[in-house]
2 protein chains.
Amino acid sequence: MNKHILEQFLTDLKPLGLPLMKGEHLFFQGDQVENFYYLKTGKIKLIRNTIEGGQALIHVALAGESFAEASLFSSEYHCSAIAVSTSEIMRYKKSDLLVYLEQKPAAMKGLLKMFAQQVRDLRTVNEIKNIRSAKERVLTFISHEMNEDKELYLSMPLKDVAYKIGLTHETFYRELKKLEQARKLQRRDGFLKLL
Amino acid sequence: MNKHILEQFLTDLKPLGLPLMKGEHLFFQGDQVENFYYLKTGKIKLIRNTIEGGQALIHVALAGESFAEASLFSSEYHCSAIAVSTSEIMRYKKSDLLVYLEQKPAAMKGLLKMFAQQVRDLRTVNEIKNIRSAKERVLTFISHEMNEDKELYLSMPLKDVAYKIGLTHETFYRELKKLEQARKLQRRDGFLKLL
DNA sequence: ATTGATATATGATTCAAATCATATGCGGTG
DNA sequence: CACCGCATATGATTTGAATCATATATCAAT
């Protein structure tokens, strides 16, 4: 969905294709923001170095997504971007993009809408993380993300889903199994289906 | 900070003043979105009715903030707004605002920037909620919110802060006390100061 | 001033998720 | 093919935050 919005209003600007090897850094936390990126194919992990020296997963950008959008208005990145798998990036010069948006209200409105969606999604995850029970947490997450057929396509490893909703992967695996055994959930390949 | 941005680009539109008594609803979850609101004075709580019948605090809007920004692009509210204290609201007709933004790129850019900041703030809270240790969670939160003097003005009750970072208020009180006793934190009136 | 509601505070106990450990499966790579 | 790294999976144990209970302080309203 983000894909269409972005492709729509970025067509007039000539982006630069940029291949990225697995494990390669696109930018580092603290780097000056000179470009705006759009992920064509692959997967990009955004991590932030915490005070205690740890690393926190902030977001996993998937094919068709832009990422680190907030950096459009800040001079330096507040997180690092690392390719989880071999990826293809579209690169736009930040200054060009800002000028372009200023001249094309429809484009800016599209971006605004995308940001609004982001805010809502983040609030949803935030709310989910306040649910104490792992079981309820998992069920609530699936309910929010599933389609009309009550199916959820997993665009990332279960491990990352666990992190996203604030559970350890061990607990997440166990809860999935329990739900499956209780006939409340069905699993096949990359899908979860609520019953 | 949000205050200045909004006041700047909403000046040309004539808003409608709207007094709100404590406990009064501004809108209900599911209502059609016809207006965009800006909180002049007071405090507004945004709550969402969860599936299990519970209520989740999504956000506490303070004086000078706009809220439920995401609703600008959706037909109905996904949360309810209730005045925590007697408040004064500025009301803009949604359709008017959208037209206005389309005609004034600078205004839209301002809004875009505000949304970007929202996204970053939400990601920060998200990250904080993944910290298991209550002590580290509290410390990390304060570190992120404090000013240059390492002081944090509490614009909401400790209870709400606890909820914001995903702790029960009991645990939060206890951790504050422990940090105080360990001389890592100082408390006076509505301030927390890291030592 | 009295009342009522809510925030703050703290103790005792429980329990469920984190942690630690270990094993298997699986996809990519030389 | 064989190896490696990582995801998935599951068991045993621990622990610390949630829960339950109760008390006091504070603030708002009448």
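Letters go in sequence order (proteins before strands), and every chain restarts at 1.
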*Asks:* Is any side-chain nitrogen or oxygen of A/Lys177 closer than 4.0 Å to OP1 or OP2 of D/dT10?
*Replies:*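 It does, given that an N or O in the side chain of A/Lys177 lies less than 4.0 Å from OP1 or OP2 of D/dT10.
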*Asks:* Please give, in whole Å, the distance from D/dA12 P to A/Glu170 CD?
*Replies:*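 A/Glu170 atom CD is separated from D/dA12 atom P by 15 Å.
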*Asks:* Which whole-number value in Å describes the distance from A/Met21 CE to C/dT29 P?
*Replies:*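 These atoms are roughly 10 Å apart.
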*Asks:* In whole angstrom, what separates B/Tyr163's OH from D/dA18's P?
*Replies:*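 My rounded result for the distance is 13 Å.
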*Asks:* Which part of the nucleic acid does A/Arg187 contact within heavy-atom distance under 4.0 Å: base, sugar-phosphate only, or nothing?
*Replies:*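 It contacts sugar-phosphate atoms only.
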*Asks:* Rounded off to whole Å, could you give me the CG-to-P distance for the A/Leu158 and C/dG25 pair?
*Replies:*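 So the two atoms are 17 Å apart, to the nearest Å.
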*Asks:* Toward the 5' end of DNA chain D, which comes first, B/Phe172 or B/His169, by nearest nucleotide?
*Replies:*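 It is B/Phe172, whose closest nucleotide lies nearer the 5' terminus.
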*Asks:* With rounding to the nearest 0.5 angstrom, report the NZ to NE2 distance, B/Lys45 to B/His25.
*Replies:*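 The NE2 atom of B/His25 is 9.0 Å from NZ of B/Lys45, to the nearest 0.5 Å.
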*Asks:* Write down the distance between CD (A/Glu175) and C1' (D/dG11), rounded to a whole number of angstrom.
*Replies:*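 For the pair A/Glu175 CD and D/dG11 C1', the rounded distance is 15 Å.
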*Asks:* Report the distance from atom CD of A/Gln181 to atom C1' of D/dT10, rounded to the nearest whole Å.
*Replies:*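 To the nearest whole Å, that distance equals 11 Å.
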*Asks:* Which residue, A/Ser133 or A/Lys22, contacts DNA chain C at a nucleotide closer to its 5' end, judged by nearest heavy atom?
*Replies:*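 Nearer the 5' end of the strand: A/Ser133.
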*Asks:* Between A/Thr168 and C/dA17, does any side-chain N or O lie under 4.0 Å from OP1 or OP2?
*Replies:*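 It does not, given that no N or O in the side chain of A/Thr168 lies less than 4.0 Å from OP1 or OP2 of C/dA17.
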*Asks:* So, is A/Thr171 near the phosphate of C/dA18, with a side-chain N or O under 4.0 Å from OP1 or OP2?
*Replies:*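 Yes, because at least one side-chain N or O of A/Thr171 sits under 4.0 Å from OP1 or OP2 of C/dA18.
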*Asks:* For a quick check of understanding: with a heavy-atom distance under 4.0 Å over all strands, which category does B/Gly166 fall into, base, sugar-phosphate or nothing?
*Replies:*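 Since only primed, P, OP1 and OP2 atoms lie under 4.0 Å of B/Gly166, the category is sugar-phosphate.
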*Asks:* For a 4.5 angstrom cut-off between non-hydrogen side-chain atoms, does B/Tyr153 reach B/Asn147?
*Replies:*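 SC-SC contact between B/Tyr153 and B/Asn147 ruled out.
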*Asks:* With nearest nucleotides of DNA chain D determined for B/Leu167 and B/Thr86 from heavy-atom distances, which residue corresponds to the more 5′ nucleotide?
*Replies:*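 On the 5' side of the pair lies B/Leu167.
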*Asks:* If you count every heavy atom of other residues, nucleotides or ligands that lies below 6.0 Å from A/Lys135 atom NZ, does the total exceed 12?
*Replies:*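 Check fails, neighbour count at 12 or below.
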*Asks:* Checking contacts here: which listed nucleotide (D/dA17, C/dA7, C/dA17) is nearest the side-chain heavy atoms of B/Ala134?
*Replies:*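 Selected nucleotide (nearest to the side chain): D/dA17.
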*Asks:* Output the rounded distance in Å from CE (A/Met156) to P (D/dC6).
*Replies:*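 In whole Å, D/dC6 P and A/Met156 CE are 19 Å from each other.
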*Asks:* Quick one: A/Asn130 CG to D/dA18 C1', roughly how many Å, whole number?
*Replies:*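 In whole Å, D/dA18 C1' and A/Asn130 CG are 13 Å from each other.
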*Asks:* With respect to the phosphate group of D/dT10, does any side-chain polar atom (N or O) of A/Arg174 fall under 4.0 Å of OP1 or OP2?
*Replies:*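 False: A/Arg174 side-chain N/O out of range (4.0 Å or more) of D/dT10 OP1/OP2.
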*Asks:* Counting only heavy atoms not in B/Lys184 (residues, nucleotides, ligands), do more than 12 fall under 6.0 Å from its NZ?
*Replies:*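 12 or below, so no.
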*Asks:* Tell me which one of B/Phe67, B/Phe27, B/Phe28, B/Phe36 satisfies ring pair (Phe, Tyr, Trp, His ring centres under 6.0 Å) with B/Tyr77.
*Replies:*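 Per the ring pair (Phe, Tyr, Trp, His ring centres under 6.0 Å) rule, the option paired with B/Tyr77 is B/Phe27, out of B/Phe67, B/Phe27, B/Phe28, B/Phe36.
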